[in-house]
Amino acid sequence: MTIPSSAHLVFILMGVSGSGKSVVANQVSHQLNTAFLDGDFLHPRANILKMAAGHPLDDNDRQPWLQAINDAAFAMQRTQAISIIVCSALKKRYRDSLRQGNENLRFIYLKGDFDTIESQLKARKGHFFKPQMLVTQFATLEEPGADEPDVLAVDINHSVDEVIAATVAAIKEATNKG
C-alpha cells in the first residue's frame, strides 16, 4: 500500500548503545520542530525493576515495551507530521513488532562499527563504560537488510553535526517520497 502525501510519518532511530540515538534524535527533533520520545521511558515497571537489579531483559520482557512503543507511534502520527522515537530495535523481530499495524513507520539505523562506537563511549564524560555491554549489543544486532526497505542507514563515522544533518536529510527525503 502506498502512503498518501498527507501521511504523518514516525521515524524510529535505532542502533546499538553508544551510536548516538538520543543526541541525534534530540537535535533532529529541534531542527524539524517535531515530537521526540525516548522509548526507554515506556518500559513497564517490571522491566525497570529487573534492570535495576542487574538482570538483562529477555524477549518476553521486551514484548509489552515494544507494544507500548508501537502504541505511542500510532498516537504520535495522529498529531505530528513527523515524529521521532528512540529505540535500539536490534533484532528484526523487534522491528517487525514495531511495524505491526503501522504503515507510516520508518527506521533510521545509526550504523557504526565496533571501534567507532567504543571510542565514542569512552569519550563520554561522566559515563561509566563497560566494554562487555557493547560486545553484547553487537552480538544481538541483526543488521537490517534488503528485506527491510523501510530502514534508512546513516553512517555515524562522522562528526555529530554531520550525522544530524544526514539524519535530517534522510527524514526529509522519506517524507517527500510519501
Side-chain angles (χ1 to χ4, degrees), residues 1-45 47-48 57 59-112 137 140-156 158 160-178:
M1 177 179 195
T2 59
I3 298 168
S5 59
S6 62
H8 291 192
L9 298 177
V10 177
F11 294 88
I12 305 275
L13 263 64
M14 61 161 288
V16 300
S17 291
S19 60
K21 295 181 299 291
S22 295
V23 169
V24 171
N26 189 16
Q27 288 301 310
V28 168
S29 68
H30 180 71
Q31 286 185 25
L32 296 176
N33 192 29
T34 192
F36 155 54
L37 173 67
D38 188 328
D40 281 347
F41 294 148
L42 297 178
H43 272 291
R45 179 185 307 258
N47 286 7
I48 294 167
L57 300 179
D59 286 353
N60 290 331
D61 297 322
R62 285 186 181 89
Q63 198 50 50
W65 172 62
L66 293 168
Q67 183 60 53
I69 293 172
N70 178 293
D71 291 344
F74 189 76
M76 291 171 82
Q77 75 186 16
R78 291 175 42 92
T79 59
Q80 298 286 317
I82 297 170
S83 301
I84 299 168
I85 300 175
V86 170
C87 175
S88 56
L90 296 178
K91 293 183 179 182
K92 184 177 186 302
R93 77 180 125 214
Y94 301 164
R95 296 187 293 276
D96 289 344
S97 181
L98 292 168
R99 287 181 180 105
Q100 195 158 1
N102 193 344
E103 294 181 7
N104 295 345
L105 194 80
R106 303 290 180 273
F107 294 85
I108 297 181
Y109 172 34
L110 297 182
K111 181 178 179 162
Q137 289 272 297
T140 303
L141 175 64
E142 296 170 2
E143 282 204 326
D147 62 329
E148 294 183 86
D150 58 354
V151 179
L152 312 164
V154 171
D155 181 0
I156 64 163
H158 300 283
V160 173
D161 289 341
E162 290 170 316
V163 172
I164 292 165
T167 303
V168 168
I171 288 172
K172 285 182 176 179
E173 182 178 337
T175 303
N176 290 334
K177 283 182 182 177

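The structure presented is a predicted model; accordingly, all values stated were derived computationally and were not measured. The figures here come from the full heavy-atom set of this structure, side chains too, leaving out hydrogens, waters and symmetry mates.
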N/O donor-acceptor pairs under 3.5 Å from side chains in residues 62-70, not counting sequence neighbours:
| residue | atom | partner | partner atom | Å |
| --- | --- | --- | --- | --- |
| R62 | NH1 | L57 | O | 3.0 |
| R62 | NH1 | Y94 | OH | 3.4 |
| Q63 | NE2 | S97 | OG | 3.0 |
| W65 | NE1 | G39 | O | 2.8 |
| Q67 | NE2 | D71 | OD1 | 2.9 |
| N70 | ND2 | S97 | O | 3.2 |
| N70 | ND2 | L98 | O | 2.9 |
| N70 | ND2 | Q100 | O | 2.9 |

Check your understanding: What pairs of residues pass the ring-ring contact (aromatic ring centres under 6.0 Å, His included) test when at least one of them lies in residues 74-93, not counting sequence neighbours?
Key -> none
Review point. Tell me the side chain to side chain donor-acceptor pair (under 3.5 Å) pairs involving residues 140-156, sequence neighbours left out?
Key: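 Non-adjacent pairs meeting side chain to side chain donor-acceptor pair (under 3.5 Å): R95-E148, R99-E148, R99-D150, Y109-E143.
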Check your understanding: Which residue pairs pass the side chain to side chain donor-acceptor pair (under 3.5 Å) test with at least one member in residues 23-32, sequence neighbours excluded?
Key -> none
Point to revise | Close side-chain approach of K21 to D38, heavy-atom, < 4.5 Å | key: no
Practice item. Indicate yes or no: at least one non-hydrogen side-chain atom of D40 is less than 4.5 angstrom from one of V86. Key: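 D40 does not reach V86 side chain to side chain.
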Review point. Would you say K91's side chain and L141's backbone share a donor-acceptor pair under 3.5 angstrom?
Key: no
Check your understanding: Is a donor on one side and an acceptor on the other found under 3.5 Å between the side chain of N47 and the backbone of H43?
Key ->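 Looks like no, no N/O pair under 3.5 Å.
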Practice item. Could you go through the side-chain contact (heavy atoms from CB on, under 4.5 Å) check for L110 and L13 one step at a time? Key: CA-CA 7 Å; L110 297 182; L13 263 64; 4.3 Å; yes
Which atom of [X] lies closest to which atom of [Y], heavy atoms considered:
X: I84; Y: M76; answer: O-CE, 4.0 Å
X: A73; Y: V10; answer: O-CG2, 3.4 Å
X: M14; Y: P144; answer: CE-CG, 4.0 Å
X: E103; Y: R106; answer: O-NH1, 3.0 Å
X: A25; Y: F36; answer: CB-CE1, 3.4 Å
X: A72; Y: L37; answer: CB-CD2, 3.8 Å

Exercise for review: Take L9 and Q80, measure what side-chain contact (heavy atoms from CB on, under 4.5 Å) needs, and give me the verdict at the end.
Suggested key: CA-CA 8 Å; L9 298 177; Q80 298 286 317; over 6 Å; no
Exercise for review: Kindly write out the residues that satisfy salt bridge (charged side-chain N to carboxylate O under 4.0 Å, His left out) with D61, not counting sequence neighbours, or none if the list is empty.
Suggested key: K50
Exercise for review: Tell me, please, which residues at least two apart from K92 pass salt bridge (charged side-chain N to carboxylate O under 4.0 Å, His left out).
Suggested key: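 By the salt bridge (charged side-chain N to carboxylate O under 4.0 Å, His left out) rule, K92 matches D96.
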Review point. NZ of K111 to OG of S19: how many Å apart, nearest 0.5 Å?
Key: 12.5 Å
Enumerate donor-acceptor pairs with a distance under 3.5 Å from any side-chain N or O in residues 162-171 to protein atoms, sequence neighbours excluded.
| residue | atom | partner | partner atom | Å |
| --- | --- | --- | --- | --- |
| E162 | OE1 | S159 | N | 3.0 |
| E162 | OE1 | S159 | OG | 3.2 |
| T167 | OG1 | V163 | O | 2.8 |

